[in-house]
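In what follows, residues are counted from 1 in the order of the sequence shown.
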Amino acid sequence: MFHFKIAKGEINLVGKLIHKFDNGNLCCFIPDDDIFLFRVYKYWGCMKKDGSIIIPPTYEALGGIFKEKYFQAKKNSQYSLIDITNTKIIDMKYDFLDVAYIDQHDKVFFIVEKNGKYGVININEEEIIPIKYDYLEMIGIKDNHFYATFDGKKGIIDLKNEIIVPFEYLDIYYLGQNSIMTTKDEENFIIINEQNKQICKTIFEEIGKYTDFNNNPILYPAKLNNKWGLLMNMATL
């Protein structure tokens, strides 16, 4: 019987815990000190610290835990949503699935990919945003807004599938709450607002995206003459 190492614990081939884990050596914490993820070969499962298996190690990926009871699960290259009892919540039929947005009423929405197209569904698998876009990405600094690509052009939509900024840009991203960097080619950058009105052109070769690493929405990086610096976004003052 082979044994497999996980942190400072050890399990056998069927997932039985041979040696208990120390509190300081649990693997892949979940918001429950007694529950953690583990892996046998390339497959992931979930067990309690006492060795009892909650979710057998049958998934290629297991994570994206939210609300302390749901898991993003991948098997045979398809994604689904399961709960902590290994009960299927969303069918295993998507090429990609991840939490997109949780609203003020604690309702959860998921970005999904199916047959090369992206959309948003709720936990009942109802399409909130039709699965028709070439790409979707949640906008971190703007609740329920999404960068979307359609027919090769980028724009911005909301959770009601209403178009905020039309699909006419090569690249687009927020600099602040109502200032958006766009380009229709690879040389000319312009800043617009959510009404798709041009605020100004820029002379810069590149404007950096707002990221979690830049927690000041007034400042953003810019490139000019092959050198980088910081610009102040006066629209946010």
Side-chain angles (χ1 to χ4, degrees), residues 30-31 37 44-46 55 58-174 177-178 180-184 192-196 209-212:
I30 295 173
L37 303 180
W44 287 91
C46 183
I55 299 173
T58 58
Y59 294 100
E60 297 161 18
L62 193 63
I65 302 158
F66 66 99
K67 296 179 71 173
E68 302 186 14
K69 62 178 179 179
Y70 294 114
F71 297 82
Q72 171 202 60
K74 180 182 180 183
K75 183 183 288 188
N76 298 324
S77 299
Q78 296 288 290
Y79 286 84
S80 69
L81 186 74
I82 62 175
D83 68 15
I84 206 164
T85 67
N86 201 28
T87 299
K88 181 179 62 179
I89 306 300
I90 292 177
D91 280 341
M92 184 81 65
K93 64 181 183 182
Y94 296 101
D95 302 319
F96 175 79
L97 179 147
D98 200 4
V99 177
Y101 180 64
I102 301 177
D103 71 10
Q104 67 271 26
H105 304 297
D106 217 24
K107 293 181 180 178
V108 186
F109 301 91
F110 305 87
I111 287 181
V112 294
E113 178 190 3
K114 189 176 182 181
N115 300 323
K117 298 296 182 181
Y118 289 79
V120 173
I121 64 173
N122 62 19
I123 205 165
N124 299 315
E125 295 192 63
E126 298 166 332
E127 287 190 19
I128 307 303
I129 295 176
I131 304 175
K132 68 174 188 178
Y133 293 97
D134 302 324
Y135 185 69
L136 276 181
E137 180 184 347
M138 184 68 190
I139 300 174
I141 66 168
K142 200 77 176 179
D143 283 349
N144 72 39
H145 282 46
F146 298 81
Y147 297 120
T149 305
F150 188 69
D151 285 343
K153 296 292 185 179
K154 296 183 178 181
I156 295 173
I157 62 175
D158 65 15
L159 198 57
K160 297 178 181 179
N161 198 37
E162 294 178 349
I163 296 175
I164 306 300
V165 176
F167 296 94
E168 55 185 54
Y169 296 101
L170 180 67
D171 203 3
I172 186 168
Y173 47 89
Y174 273 87
Q177 286 296 316
N178 194 27
I180 303 165
M181 178 57 62
T182 64
T183 179
K184 292 185 177 181
I192 64 171
N193 58 24
E194 288 183 343
Q195 290 71 48
N196 202 31
K209 292 184 180 181
Y210 177 91
T211 71
D212 290 338

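- Partners of E127 by salt bridge (charged side-chain N to carboxylate O under 4.0 Å, His left out), not counting sequence neighbours: none found.
- When K117, K114, Q78 are each tested for a side-chain hydrogen bond (donor to acceptor under 3.5 Å, both in side chains) with D95, only one passes: Q78.
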Inset, instruction - Evaluate the criterion side chain to side chain donor-acceptor pair (under 3.5 Å) for residue pair N115 and Y94; output intermediate values, then yes/no. - result: CA-CA 8 Å; N115 300 323; Y94 296 101; over 6 Å; no

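- Residues Y147 and Y173 approach most closely at OH-CA, 3.2 Å, considering heavy atoms.
- Look at K184 and E168 and you find a salt bridge, because one of the NZ, NE, NH1 or NH2 atoms lies within 4.0 Å of a carboxylate O, short of that distance.
- Under the 6.0 Å distance and 45° angle rule, K154 does not count as a cation-pi partner of Y169.
- Remark: side-chain polar atoms of E162 are not paired, donor with acceptor, to backbone N or O of I157 under 3.5 angstrom.
- Side-chain atoms of Y79 and E60 include no donor-acceptor pair closer than 3.5 Å.
- A heavy-atom distance below 4.5 Å is found between the side chains of L37 and C46.
- Side-chain atoms of T182 and V165, non-hydrogen and from C-beta on, never get closer than 4.5 Å to each other.
- Remark: side-chain polar atoms of D134 are paired, donor with acceptor, to backbone N or O of D151 under 3.5 angstrom.
- Under the 3.5 Å distance criterion, the side-chain polar atoms of N161 are left unmatched by any main-chain donor or acceptor of I129.
- A donor-acceptor distance shorter than 3.5 angstrom exists from the side chain of N193 to the backbone of Q195, with no hydrogens or angles considered.
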Inset, instruction - Determine, step by step, whether I123 and Y70 satisfy the side-chain contact (heavy atoms from CB on, under 4.5 Å) criterion, reporting the C-alpha distance in whole Å, the side-chain angles of both residues, the deciding distance to 0.1 Å, and the verdict. - result: CA-CA 11 Å; I123 205 165; Y70 294 114; 3.9 Å; yes

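- Contact record, W44 with A61: CD1-CA, 4.2 Å, taken as the closest heavy-atom pair.
- Listed for the E137 side chain is no donor-acceptor partner under 3.5 Å among the backbone atoms of F146.
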Inset, instruction - Could you walk me through whether E194 and Y174 pass the side chain to side chain donor-acceptor pair (under 3.5 Å) test, one step at a time? - result: CA-CA 10 Å; E194 288 183 343; Y174 273 87; 2.6 Å; yes

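- In this pair, Y118 and Y135 present their aromatic rings perpendicular. The plane angle is above 60°, beyond the 30 to 60° band.
- A donor-acceptor pair under 3.5 Å is formed between the side chain of N122 and the backbone N or O of N124.
- The side-chain heavy atoms of T87 and I82, taken from C-beta on, include no pair separated by under 4.5 Å.
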